[in-house]
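Structure first, then comments.
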Amino acid sequence: MTDRHTVTEFFHCRAQAGQSFDGRFALAGSTPHYAPDRTFDTRHIRLELALDFARQSLTGTATVTLQAIQEGAQAMVFDAVDFQNLRVRSGPTSLRFDYDRRKLTLHWPKPIRRGTSVEVTIGYRVTKPKLGLHFIGPDRHYPTKPVQAWTQGEDEYNRYWFPCHDAPQERATTETILTVPQRFTAVSNGALVRQTHNRSARTRTFHWKQNVPHSPYLVSLAVGEFTKLEDRWKNVPVLYFCQPGREADAQRAFGKTPKMIDFFSRRLGVPYAYAKYSQVAAVDFIYGGMENTSSTTQTALTLHDERAHLDFSSDPLVAHELAHQWFGDLVTCKDWSHAWLNESFATYFEALFKEYDMGPDEFMYELRGNAEAYFDEDRERYRRPLVTRFYKNTNDLFDRHLYEKGSLILHMIRRQLGDADWWRSMNLYLKRHRTQNVETLDLINAIQDATGKNLRPFFDQWVYKGGHPEYKVRFWWDARVKKAFVRVLQTQGVNEETPLFSMPVTFAFTVRGQEKRFTEKVDKKDQLLSFALLAAPELVLVDPGHVILKKIDILKPESMWIYQLTQDPHVLGRIDAAKALATFGSPTAVQALRQALVKEKFWGVQSSIAGALGRSGSSAAMEALLDGLRQVSNPKVRRAIYEALGNYPSPRVLSEARAQYESEKSYFAEAEAIRTLGRLRDPSLLGLFKSLLLRESWNDVIRCAAIDAIASLHIAESVGLLKEYSRYGHHPNARMTAIRRLGALGRGREDIQAHLVSLLKDPYLLVQIAVVKTLGSFADERVTEALLKYTQGDLDGRLKRAAEEAVRKIRKGMDPEFPQEKGKDRGAKR
Ligand SMILES: [Zn+2]
């Protein structure tokens, strides 16, 4: 599962960064969580289902084969929320049952011997399920929206539409037999056994069968009027389902899937395990994607046109969900406290595919982005161990630690082992545990058995504790003894949660153009190291391969940073140099950045250079950016240049951005130019921005930029426009942009507050979450009552967490910096 790639994040991540919190991961009411006891093992689930779109209901018969684990077991408990018309039997015999609207308990007439299998059949109906099964369709405000139904089982939502022992450790084979109106296609897990057409009833029935046991949360349905695109990997059908008219966009979004399946299968030494692989583009999906076994659901927002494809790709999303087919589906965490064995792996393997497909620079740049996402959470919300049992709602765990930090931990493991041992470990771990559930210890043992290396000390620091090393490094050259001295301090506050880290750290010295490397164990609070060299080094690098997840404070002279900016072969070293040079701001530093902006080969470094020039603040830096705008064509860099130019409110910038925005090849570069125009705060541009509100573009990229620009003007008319675009009926991206922007303007304004409170009841979950977060930024007691309603009950876990954090934030009256203005240095120290 991921929300890393919901399309809105690409242009709103900066505005989201300022969620300040009080530093505690565990919400009030948190308890330790363990996998539940089991009396029976679920062996097989057969679901016969009929969907009624008009009533938003599902009529089902679940036939479940159970094997007794406990001797003499008699009661079988199923999770089943708000089921109606329950009928329970075994063969022809009715079974006695109790039902409290959440748990269904069946009573077998006599004790069952351990190991004996029984079959029970549960007839039921669910109507307008609160979670798990979502019906999508047109209404007065969205008349062209297609009719679809899809499910979202993770973390514990499938219990809202079929009876199951809803825990990851419960693995079973499944069959889904779905009857839908004849114009629809129904997609589910496994192979399509048969498809039948009932002409008189005008229905179609799709019979899917998943022969590889999987966890209940991975069972899925997706139903709609779909076009099917067929691809292949070896003999495995690779299918893409989208609404008619989006075929080319679907091919563009999903087209690399066979290449990814091939890469993962070969590198892991474990071929793709399922009968087919399908991806359905689901409208109004509430995540970026969900890795249902062999049957992934993706947000339809990821489908994109040719213009978007210039600088937007669905590959990371596609690779993430595909990687889960091994890590998460074939091998599944035993309980959610070990969910990093699902999510960190999917996040890291998404990056590994990028490394394979696009090279090491893109790979390392993605890992840097992951590190920054984790550092933001660590700084602004909380710190926690990667594995923890102590939480309130399962969804609390699905955070930037679980995805991004975990991916960086896996990267360190790979580098410590070396590639051969890394892949050998992955292979053994998967082969040993395929179709089983795992805990972190299973990974440690697999690595040890595959390589002889005992990584327990590493796991104790990085997985079972929180934080990361913060190194303070100072170095000097002693010409008399021909030695470089390096003093390394670990400045992180060491406590029960955050350890003093013990890591091998590499130091690289370039002397007369030749690099020499030394690796030393750094494990003390304060260490002095010395290295014999031929002469004073031109460049000193700590961790030149950028392996360790760390913060580093290192003092280097300007000349050395300039040397690093141009000579460091590692993209992240050049990025660090660009950032450091921004703080010098001297004419030489700006001149070096100006040259590197156009000469640098990798766009990610160029973007960082643009950001550095944006922070420099001098007119020379502005000139350098304008020069870059004339010479650099990569749209991702142009975005960064526009963003940086937003820090220079001048007629020159205004006329350049105004002259160029329309001819930008990329939506995103054009959007950034528009945002920059807004940040120049010239009220005479309102007419232009209003006209841009009417422009149609992919996923409302241009409209969102116009909304941002209007909000930046800070004029009275802005509020009415923002309210208008936040209303039900507009594209969700436009709505969420307007809502966040109202947050910035709304403090102390009761009309805005009342408007946002009215949006809490919105039918679209992601809009609700945006509203909750925005209200949390108001620090106004009066909205807490409205927010408290969203902290409990049958609601999405992300909404509950957001509401609870918002209430806590308001009560503590803490809101230093929401929403964050652009250009703030996200790399600031904790
Ligand atoms: Zn995921």
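The figures that follow rest on heavy atoms only: side chains count, while hydrogens, waters and symmetry mates do not. Start at 1 and go down the list; that is how both ligands and their atoms are numbered. In what follows, residues are counted from 1 in the order of the sequence shown.
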Geometric cation-pi criterion R384 and F25, 6.0 Å radius, 45° cone: yes
With sequence neighbours excluded, residues passing salt bridge (Lys or Arg N to Asp or Glu O under 4.0 Å) with D305: none
Protein N, O or S atoms under 2.8 Å from the Zn ion (ligand 1): 5
All ring pair (Phe, Tyr, Trp, His ring centres under 6.0 Å) counterparts of H33, not counting sequence neighbours: Y391
Other residues, nucleotides, ligands: >12 heavy atoms within 6.0 Å of K145 NZ: yes
Counterpart residues, ring pair (Phe, Tyr, Trp, His ring centres under 6.0 Å), relative to Y348 (two or more places apart): H411, W422
Neighbour count >12 (heavy atoms, 6.0 Å) for atom CZ, R232: yes
